[in-house]
Amino acid sequence: MAPVPSGVLGAVDPTSDRAVFRQIADQLREAIDRGRFKEGSKLPSEAELVEHFGVSRMTVRNSIGVLQGEGLISAEHGKGVFVRPRPPVRRLASDRFARRHRDQGKSAFIVEADAAGSRPEVDSLEVKEEKPSRDISARLGSPRKVLARRRRYLLDGRPVEFAVSYLPLDLARGTRIAEPNPGPGGIYARLEEAGHRLDHFDEEVRARMPSPGEAKMLRLASGVPVIHLVRTAYDTEGRAVEVCDTVMAADAYVLAYQLPAT
């Protein structure tokens, strides 16, 4: 058993009022934040931490549990405990829906994946007509039915986002929007081809813990929250032409904004 490298971790303070397992968690967290344990690297084993700090195995496990609950580390059965990667994708709100991307045949997700140097995928695709919820109906002007497009987004094989787009049937039925693959530039390009030039988007963002179904869909580690974003797209006539309800793995994204100074 190799000792913990000198200078990486300190010692616990037996005179402190702070519980020993929390002191150990604090030291491990600081070592991660300072880059002593880099993204994807393996933490010292339970036995190595027991030896270094002179504590019981249960105390070490409680410390590891704290960091797992914070989403900083993940345990792989039979392999050890590893530092989780930092968010790979910058979601720049002021750029992701720029018309130039649609003109190039790229959807917002593909633009962001390219910027991150990642391989984008879409699966779990479902397209169907359905009755909208009261909230979606109110946002779209109270249609009786909508076209719903459900899909999951992956980067390099890892699920990072699940989204549902709702569109009025008079805009979507019988068009490529109702097909599994709406074509280059996605549904926004098809809406603009049909004469609904996009004017602006309203977004509502909140953070919360995932439901069991969301945690399974996005393969979230314990303690990792989600970003819940609802976006409404408006055309130049002021009509709401789409509502997109999106749940994102919070450890996969950085939400970036450019705001004008007034």
Side-chain angles (χ1 to χ4, degrees), residues 32 35 37-42 67-68 70-77 79 81-98 100-127 148-165 180-189 201 203-231 233 242 244-258:
I32 292 170
F37 297 120
K38 300 186 182 302
E39 295 178 28
S41 66
K42 184 178 178 180
L67 299 185
Q68 283 183 299
E70 295 174 359
L72 285 178
I73 60 176
S74 60
E76 297 184 20
H77 184 69
K79 295 183 179 180
V81 178
F82 297 84
V83 179
R84 290 180 61 83
R86 300 292 185 180
V89 181
R90 284 179 58 83
R91 185 186 184 278
L92 183 58
S94 60
D95 178 75
R96 68 192 312 265
F97 297 122
R100 69 179 183 279
H101 298 317
R102 295 194 293 279
D103 291 343
Q104 295 170 1
K106 293 183 177 182
S107 66
F109 183 69
I110 290 177
V111 170
E112 291 166 347
D114 288 348
S118 297
R119 174 174 51 86
E121 297 178 69
V122 178
D123 71 0
S124 302
L125 182 65
E126 179 186 55
V127 183
R149 295 182 55 88
R150 291 178 171 82
R151 65 275 191 200
R152 182 174 68 167
Y153 294 101
L154 302 89
L155 290 175
D156 298 323
R158 177 198 171 189
V160 295
E161 178 179 333
F162 182 77
V164 187
S165 286
N181 182 358
I187 61 176
Y188 290 154
F201 302 87
E203 291 190 339
E204 300 174 7
V205 184
R206 66 189 178 104
R208 59 173 172 79
M209 297 308 294
S211 68
E214 290 166 345
K216 182 178 180 181
M217 174 70 73
L218 295 175
R219 302 178 198 162
L220 298 176
S222 174
V224 176
V226 293
I227 300 167
H228 187 186
L229 186 150
V230 179
R231 179 180 66 253
E242 181 237 18
C244 188
D245 191 331
T246 304
V247 176
M248 298 178 283
D251 62 344
Y253 284 92
V254 171
L255 304 188
Y257 295 88
Q258 292 180 345

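No hydrogens, no waters, no symmetry mates; every other heavy atom, side chains included, goes into these values. Small disclaimer: the values here were computed from a predicted structure and weren't measured.
- Shortest non-hydrogen contact noted between F162 and L218 is N-CD2, 4.1 Å.
- Note: Y188 OH to C244 SG = 6.0 Å, rounded to the nearest 0.5 Å.
- Residues satisfying the side-chain hydrogen bond (donor to acceptor under 3.5 Å, both in side chains) criterion with D123, sequence neighbours excluded, are R152.
- Here E204 pairs with R139 under the side-chain hydrogen bond (donor to acceptor under 3.5 Å, both in side chains) rule; sequence neighbours left out.
- Counting all heavy atoms, side chain and backbone alike, A249 lies closest to L220 at CB-CD2, 3.6 Å.
- Closest non-hydrogen pair, V83 versus K38, comes out as CB-O, 3.4 Å.
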- Message: What verdict does the side-chain contact (heavy atoms from CB on, under 4.5 Å) test give for L67 and V81, after you've listed the backbone C-alpha separation in whole Å, the side-chain angles of each residue and the deciding distance to 0.1 Å?
- Response: CA-CA 10 Å; L67 299 185; V81 178; over 6 Å; no
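- Residue L229 holds its CG atom at 11.0 Å from CZ of R206, rounded to the nearest 0.5 Å.
- Closest non-hydrogen pair, E242 versus I187, comes out as OE2-CD1, 3.7 Å.
- Side-chain contact between D245 and H228 is present, with heavy atoms from C-beta onward closer than 4.5 Å.
- With R149 contributing its side chain and L125 its backbone, the two residues share no donor-acceptor pair below 3.5 Å.
- Scanning both residues, T246 and A163, for their nearest heavy atoms gives OG1-CB, 3.7 Å.
- Across every non-hydrogen atom of A189 and P184, the tightest pair is CB-O, 3.6 Å.
- With sequence neighbours excluded, the residues that form a side-chain contact (heavy atoms from CB on, under 4.5 Å) with P225 are M209, A250.
- In this view, E214 and R208, P210, S211, V226, V247 satisfy the side-chain contact (heavy atoms from CB on, under 4.5 Å) rule, not counting sequence neighbours.
- A donor-acceptor pair under 3.5 Å links the side-chain atoms of K42 to the main chain of K79, judged by distance alone.
- R119 meets the salt bridge (charged side-chain N to carboxylate O under 4.0 Å, His left out) test with E121; sequence neighbours excluded.
- Under the rule for a side-chain contact (heavy atoms from CB on, under 4.5 Å), the partners of A221 that lie at least two apart in sequence or sit in another chain are R84, V224.
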